[in-house]
2 protein chains.
Amino acid sequence: MSPPTRSRLRAHPASLPPSAPSDGTRRRILETALQLFASRGYHDTSIRDLAKVLELQPSALYAHFSSKEHVLAELVRIGHEAHHDALQAALKSSGPEPAEQVRALVRAHTRTHALHPQLAVVVNEELYALTPELAEPAVLLRDKSAALLAEVIERGVAQRSFSPPHPRVAAAAISAMGVRLPYWYEPGSALDVDTLADLHAELALRMLGGSAAS
Amino acid sequence: MSPPTRSRLRAHPASLPPSAPSDGTRRRILETALQLFASRGYHDTSIRDLAKVLELQPSALYAHFSSKEHVLAELVRIGHEAHHDALQAALKSSGPEPAEQVRALVRAHTRTHALHPQLAVVVNEELYALTPELAEPAVLLRDKSAALLAEVIERGVAQRSFSPPHPRVAAAAISAMGVRLPYWYEPGSALDVDTLADLHAELALRMLGGSAAS
DNA sequence: GTCTATACGTAGATAGAC
DNA sequence: GTCTATCTACGTATAGAC
């Protein structure tokens, strides 16, 4: 661990989604790793750093994870599953109109990134640190999540509910709003998460154009 | 360097802006470091890795930079200056209307990120790896660059050219489009940089609303 | 300005007792 | 499941010859 660094994030402490293991030590390791990986980065966090915060000996971690990389892989898996589950639930509970579905998807995307900023940062910045085999399940989920938005936009364009200048670029811009959230949004601020989610949905619909924007 | 990793980026080779030093070995070190830091990350790139690609002995690098951190600091400085210079030039060469100024700023922001994707990634992901003293000049430039866009938006709102639902959130969304570009855009693709810059400008104006959007 | 050689710390991970 | 102790490799950086 290189010493005098700022954190990449403002949020404290690290929050795991409910789907994460509730077991004792394994969960503590994941929470601590999440905080350290998010604030300093995976490669700048050592097993010894983790053990120190956990008040364990480094060797004790290997009773719970076979390597440091497997700790990261588990966080990456949890993060992608929570994100994808949230998007699917949002779609499922919304009606058939593309505008309503975009609103639901963007709200879920934004909420996930605002409520679990450390997980979002680790998932997005440290995925590349995994071997292809360990990264593969997450990469597949990413593609599926991106397809959910892309398909709704395509449908909206086909129905002439939307008129984006370029659907793929608009989809990337919509995704980017959420992904960048952890780097500037301060959770306890005057702007609450629900309001933010509504704002992002509004911006997304404006970008997509057509009769859908309010 | 941990071995079997994917790159964070598609772009090759690393391109430095014209403002970078044209001197021989120092420039070669910066270019090589840029490529490695962008694809594998600063903390996962060793002095030995750098030296191997450069076909030099590790100790030879210390004739040009006093530490690995100073190599990163120089890249971060170059990246922030090129970005800020591009934004200022864009503002300077555009008229007084907020919509035209936003278009110019967004085009410059997007072009910078599309033309120098490795530099954008290193600047955005590895700034936190610098000590506060080495990071400070870049942080000041970031704030100045962000203020350029914020002020134009504020002026547009005051003149009722723009009607964003929330100016600060809209500004963050506009910035995010460019920052995320290196992670999905493939430079040699059918979508050329100028078209992309126009698309982003169009999306920005749609988000800002009012009479400005085309 | 590059080389050889090396100092010195820390990395990830394991062995074996309790 | 946690401990003490340790292995081996690699990290940044320096010394001093050419």
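Below, chain A is the first sequence line, B the second, and so on; all start at residue 1. All values reported here derive from a predicted model rather than from experimental measurement.
- Rounding to whole angstrom units, CZ of residue Phe65(B) and P of dG1(C) are separated by 12 Å.
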Query - Evaluation steps, side chain to side chain donor-acceptor pair (under 3.5 Å), between Arg142(A) and Asn124(A) - result: CA-CA 10 Å; Arg142(A) 286 175 96 79; Asn124(A) 281 304; 3.0 Å; yes

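- Protein atom NE2 of His43(B) is 15 Å distant from nucleotide atom P of dT10(C), rounded to whole Å.
- Residues satisfying the side chain to side chain donor-acceptor pair (under 3.5 Å) test with Glu81(A), not counting sequence neighbours, are Arg77(A).
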Report task. Could you encode protein contacts along nucleotides 11-18 of chain D as a string, one character per nucleotide from 5' to 3', using B for base contact, S for sugar-phosphate-only contact and - for no contact, with a heavy-atom cut-off of under 4.0 Å? Result -> BBBBB---

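- The shortest non-hydrogen separation linking Ala197(A) to Arg111(A) is CB-CG, 4.0 Å.
- Between the side chains of Ser46(A) and Asp49(A), at least one donor N or O lies within less than 3.5 Å of an accepting N or O.
- To the nearest angstrom, P of dT4(C) lies 11 Å from CG of Leu56(B).
- Here dC3(D) presents its C1' atom at 17 Å from NZ of Lys52(A), a figure rounded to the nearest Å.
- In this structure, NE2 in His113(B) is found 11.5 Å from CE in Met177(B), a value given to the nearest 0.5 Å.
- Atom CG of Leu50(B) is separated from atom P of dC10(D) by 17 Å (rounded to the nearest Å).
- Note on Thr25(B): a side-chain N or O is less than 4.0 Å away from OP1 or OP2 of dT2(C).
- Counting non-hydrogen atoms under 4.0 angstrom, Ala60(B) reaches the backbone sugars and phosphates but no base.
- Salt-bridge formation is not detected for the pair Arg103(B)/Asp198(B): no Lys NZ or Arg NE/NH1/NH2 atom is positioned less than 4.0 Å from an Asp or Glu carboxylate oxygen.
- Distance, Gln57(A) CD to dA13(C) P: 17 Å, rounded to whole Å.
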